[in-house]
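What follows is a single structure, written as structure tokens, with notes after it.
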Amino acid sequence: MSKPSKDLPLGFVDRQEKELLVRDFIISNIKEVMIRYGFQYLETPSFEYSDSIGKYLPDKERPDEGVFSFKDEKKWLSLRYDLTAPLARYVAKNFLEIPKPFKRYQLGTVWRNEKPGPGRFREFLQFDADYVGTKSLQADAELCVMISEILEKSGLSKSEYVVKISSRKITEELFKKINLNNNQQKLTILRALDKIDRLGWSGVKELLGEGRKDKSGDFTKGANLSTKNIEIIENELKKKSPETDDLKDIFKLFKDYDFNNFEFDPSVIRGLEYYTGAIFEVNLKFDIKNSKGQIIQFGSIGGGGRYDNLVNNFGNYNAPATGISIGLDRLVYALMQKKEFNLNQSKPVVICVFDKNLMREYIKILSLLRKSAINAEIYPEENKLKKQMEYADKIKSPAVILYGENEIKSGKPTLKNLNTGEEKSIEIEELVNEIKKII
RNA sequence: GCAGCAGUAGCUCAGUUGGUUAGAGCACUAGUUUGUGGAACUAGGGGUCGGUGGUUCGAAUCCACCCUGCUGUACCA
């Protein structure tokens, strides 16, 4: 009989305490900022009906790739791939009850059924803040300011990240200018423009024209634009300041907020078709390495934008909205390379067991310590002292308490400081004070 | 999906032009110390050499296919 595999499915990972503590630290910053900015906390389920999260199901055995799905009785269910679509569904469902505008934030795991890349997994934690029910660009501006406050609280300096901003309106006007109506072609163009930072203008121009062969030999079909139109696009997108009203307004607001860690970048596209206005992307400005020390194409750690029609997809309510999300695990991954976090939670003092018949005494000491808010535990069984010491050392315990034959006579346990190795004989009543000196 | 690289102990890796019984460091277990961790010393356990098939007297080593991982590229509502 073959044993169960200890491998994990592609793109899924175990996450250990060191990483989780950094993540918790960031989450606590997020919550603090969210409360300060007046966002309310929401949780929606992991599964939604597949059509609710934006996947249209063809008459096939399985829904399209990209999401994890299964068929429940008659309907297809899918694990959510982001938190924005569930929000739109929630707003449409509860439209009459919720405040307008509705500001909500959410932390939740999302799943994507696609090939994982460096720092990208098929299961990851996302943070998402949205502002539903207002067209005001003050909402968009505030989201950028807010995200930057979270990043800086979490340890990034202004020179280490930047919020890039563009607007769907820029490309729309561009399409008018070159008289383009073909939706498929528009998509191809947007995808091409999205790659400027990686491929540079030369690569992008190939993609706008006939196509591009990458170094792996794979050929990507282009948008087949004329040389003249490609030139128009290049000229428009090389402009250093925006000409659309929405961005002009947002930039004015940034000034009022005294926020300046942003960059106008018309190549920010974000692929998503539902964006209708401003688009944001949060980028790190330092190199990220993998476990082998190679510098990798890390991409952005988050982004968002205005999506004025998404809620309307679910019904008759009209709720313009704007939102931003951060991939928390990616942020943690990057942050841990940049900074030493000293977030080790204080480990328990270990009470060694010399004789299981003395358990009553050990538990007395244990209770005393725990009541005084000292993390403590009893080694679970009678064992060689060496074993118990090794255990305490392994978990980085600050101290052990020895209470055996020798100590029982005087009634005074020995407290051993595991950093210095120093041992002291101490009255039980004084243990708490002595331990507090150590930790 | 396409392409490049890789897969040898729990981890990091060595293994010569194909040649007996496949190694090292770290980790692990036991002991030196039956009441003392982190250091040292001694001993020990642990491998379908990613898998399957082929070439060969003989394969970790060569060939084919497959699987897995990494990196790039494509896609990402």
Side-chain angles (χ1 to χ4, degrees), chain A residues 2 5-13 48 50-58 63-67 69 78 80-82 84-85 88 110-120 122 187-188 190-192 194-195 198-199 203 206-207 211-222 269-275 288-300 303 307 309-310 313 327 350 352-355 358 379 382-408 413-423:
Chain A
S2 73
S5 168
K6 45 189 187 296
D7 294 337
L8 289 168
L10 177 68
F12 289 80
V13 285
E48 298 267 354
S50 301
D51 53 1
S52 307
I53 62 171
K55 255 310 192 215
Y56 287 109
L57 299 179
D64 218 337
E65 285 169 18
V67 288
S69 307
S78 296
R80 62 189 176 202
Y81 65 86
D82 73 3
T84 312
V110 302
W111 294 265
R112 296 195 183 177
N113 189 2
E114 48 192 52
K115 188 200 148 192
R120 304 179 62 147
R122 297 209 291 178
L187 271 178
T188 310
L190 290 179
R191 283 178 193 140
D194 197 30
K195 300 180 174 74
R198 270 193 292 127
L199 306 180
E206 284 173 27
L207 286 172
R212 175 176 180 270
K213 200 177 198 174
D214 65 44
K215 71 177 174 191
S216 67
D218 202 23
F219 186 77
T220 311
K221 254 186 13 190
I269 305 291
R270 296 243 96 216
L272 306 171
E273 283 179 76
Y274 58 65
Y275 290 128
I288 307 294
K289 293 174 186 159
N290 65 9
S291 59
K292 291 177 182 168
Q294 300 166 287
I295 292 173
I296 52 178
Q297 278 290 343
F298 194 69
S300 70
Y307 52 98
N309 303 324
L310 194 58
N313 283 351
V350 173
C352 295
V353 174
F354 287 84
D355 179 350
L358 292 175
Y379 190 85
E382 193 180 312
N383 202 341
K384 289 179 186 165
L385 225 214
K386 187 180 167 72
K387 288 280 158 212
Q388 304 192 44
M389 295 294 292
E390 277 170 0
Y391 168 76
D393 185 52
K394 184 88 178 170
I395 65 165
K396 298 197 166 70
S397 165
V400 293
I401 290 171
L402 308 176
Y403 198 51
E405 253 185 287
N406 305 342
E407 288 82 2
I408 288 283
T414 299
L415 176 67
K416 174 161 183 163
N417 181 330
L418 286 180
N419 290 317
T420 62
E422 181 195 7
E423 290 184 18

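Note that this is a predicted model, so its numbers are computed, not measured. Throughout, a chain's letter reflects where its sequence line sits, starting with A, and its residues are numbered from 1.
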Atom CG of Asp82(A) and atom P of A77(B) are separated, to the nearest Å, by 9 Å

Spacing of Thr84(A) atom OG1 and Leu310(A) atom CG [to the nearest 0.5 Å]: 7.5 Å

Report the distance from atom NZ of Lys416(A) to atom SG of Cys352(A), rounding to the nearest 0.5 Å. 10.0 Å

For nucleotides C28(B) and G54(B), find the distance between their C1' atoms and express it as a whole number of Å. 39 Å

Taking all atoms of both residues into account, what is the closest heavy-atom pair of Ile296(A) and Pro118(A), and its distance? CD1-CB, 3.4 Å

Round to the nearest Å and state the distance from Gln388(A) atom CD to G38(B) atom P. 15 Å

Partner nucleotide, any strand, of G69(B) [Watson-Crick/G-U, under 3.5 Å]: C5(B)

For A40(B), the Watson-Crick or wobble partner whose two distances fall under 3.5 Å: U32(B)

Scan every strand shown for a Watson-Crick or G-U wobble partner of C76(B), both distances under 3.5 Å, and answer none if you come up empty. none

Any side-chain to backbone donor/acceptor pair from Asp393(A) onto Lys396(A)? Under 3.5 Å, distance only. no

Could you please name the option among C76(B), G69(B), G37(B) that lies closest to any side-chain atom of Leu10(A)? G69(B)

Among C76(B), U36(B), G72(B), which is the nearest nucleotide to the side chain of Met389(A)? U36(B)

Residue whose closest nucleotide on RNA chain B lies nearer the 5' end, Ser397(A) versus Phe298(A): Ser397(A)

What integer number of Å spans the P atoms of A43(B) and C26(B)? 14 Å

Searching all strands shown, indicate the nucleotide that pairs with C49(B) (Watson-Crick or G-U wobble; both distances under 3.5 Å). none

Taking N and O atoms by type only, does the side chain of Asp393(A) place a donor or acceptor under 3.5 Å from a partner on the base of G37(B)? yes

Taking G18(B) as the reference, what is the distance to C13(B) when you measure between their P atoms (whole Å, please)? 25 Å

Complement of G25(B), any strand, by Watson-Crick or G-U distances under 3.5 angstrom: C11(B)

What I want to find out is whether Glu48(A) reaches Arg80(A) closely enough, with some N-O distance under 4.0 Å, to be called a salt bridge. no

Contact summary for Ile395(A) and Val350(A), nearest pair of heavy atoms: CD1-CG2, 4.0 Å

At under 4.0 Å between heavy atoms, what does Asp355(A) touch on the DNA or RNA strands: base, sugar-phosphate, or nothing? nothing

Counting heavy atoms from C-beta on, name the nucleotide in G72(B), U36(B), A77(B) closest to the side chain of Gln297(A). G72(B)

What string of B, S and - do you get for nucleotides 25-35 of chain B, 5' to 3', when a contact is any protein heavy atom under 4.0 Å? -----SS---B

What is the distance, to the nearest angstrom, from the CZ atom on Arg120(A) to the P atom on A74(B)? 12 Å

Partner lookup for C62(B), please. Criteria are Watson-Crick or G-U wobble with both distances under 3.5 angstrom; report none if nothing qualifies. G54(B)

Considering every strand and a 4.0 Å limit on heavy-atom distances, what is the contact class for Arg198(A): base, sugar-phosphate, or nothing? sugar-phosphate

Of Gly11(A) and Asn417(A), the one whose nearest nucleotide on RNA chain B sits closer to the 5' end is Asn417(A)

What is the distance, to the nearest angstrom, from the CZ atom on Arg112(A) to the C1' atom on C76(B)? 7 Å

Do Thr414(A) and Glu407(A) have side-chain atoms, one donor and one acceptor, less than 3.5 Å apart? yes

Looking at the side chain of Leu199(A), which of G37(B), A74(B), A77(B) is the nearest nucleotide? A74(B)

Rounded to the nearest Å, what distance is computed from the CG atom of residue Leu207(A) to the C1' atom of nucleotide A74(B)? 10 Å

Which part of the nucleic acid, if any, lies within contact of Lys396(A), taking any heavy atom under 4.0 Å across all strands shown: a base, the sugar-phosphate backbone alone, or nothing? nothing

Does the ring center of Tyr391(A) lie less than 6.0 Å from the ring center of Tyr379(A)? yes

Roughly how many Å is it from OH in Tyr307(A) to P in A77(B), rounded to a whole number? 15 Å

Given the C1' atoms of C49(B) and G23(B), what is the spacing between them in whole Å? 12 Å

When rounded to the nearest Å, what value does the distance between P atoms of C65(B) and G4(B) take? 12 Å

